[in-house]
Amino acid sequence: MLRGVTILYLVAYWLPALGSGSPNPTGGVAARTEGRSSALSDFFAAHTAIFAAVLAAMLALGAVLSLYRRLAGRELDTTEGTIR
């Protein structure tokens, strides 16, 4: 679904460039999305540290869950004190 929407957006954005050789930044899809794109870019630039911290937390959580699942599948041999 997302791939289809992306393809449609790219076709609508670049279709005017097929005739003129360059995209038309004042018309069509580019004009409608430039304001939103600029606002999102400014937002992400202003909150880079927060996004980096969230990404690091997600990475750490994924590593912990992966390790937990790996260790949960092993059995503890109480006679020898080893993990199989």
Side-chain angles (χ1 to χ4, degrees):
M1 171 83 180
L2 182 60
R3 187 182 313 180
V5 171
T6 303
I7 289 171
L8 288 175
Y9 170 79
L10 289 173
V11 167
Y13 183 83
W14 288 104
L15 194 59
L18 294 176
S20 66
S22 64
N24 184 2
T26 59
V29 176
R32 288 191 297 267
T33 60
E34 188 170 339
R36 287 185 215 124
S37 176
S38 177
L40 283 173
S41 177
D42 292 343
F43 177 79
F44 288 130
H47 298 92
T48 302
I50 293 171
F51 289 113
V54 169
L55 182 60
M58 290 172 56
L59 185 64
L61 179 63
V64 167
L65 289 176
S66 176
L67 182 62
Y68 174 75
R69 289 189 67 187
R70 181 176 296 164
L71 292 177
R74 295 184 178 182
E75 298 176 6
L76 181 62
D77 186 357
T78 56
T79 59
E80 296 180 21
T82 59
I83 298 176
R84 286 192 276 165

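- Using the six-membered ring where Trp is involved, Phe43 and His47 have ring planes that are tilted, between 30° and 60° apart.
- With hydrophobic clusters built from ILVMFWY side chains whose heavy atoms lie under 4.5 angstrom apart, Leu59 does not share a cluster with Leu67.
- The backbone N or O of Gly62 lies less than 3.5 Å from no partner atom in the side chain of Ser66, so there is not a single donor-acceptor pair.
- A distance of 10.0 Å separates CG in Leu2 from CD1 in Ile7, rounded to the nearest 0.5 Å.
- Residue Arg3 holds its CZ atom at 13.0 Å from CG of Leu8, rounded to the nearest 0.5 Å.
- Hydrophobic clustering places Phe51 together with Leu40 (ILVMFWY residues linked when any side-chain heavy atoms are closer than 4.5 Å, directly or through intermediates).
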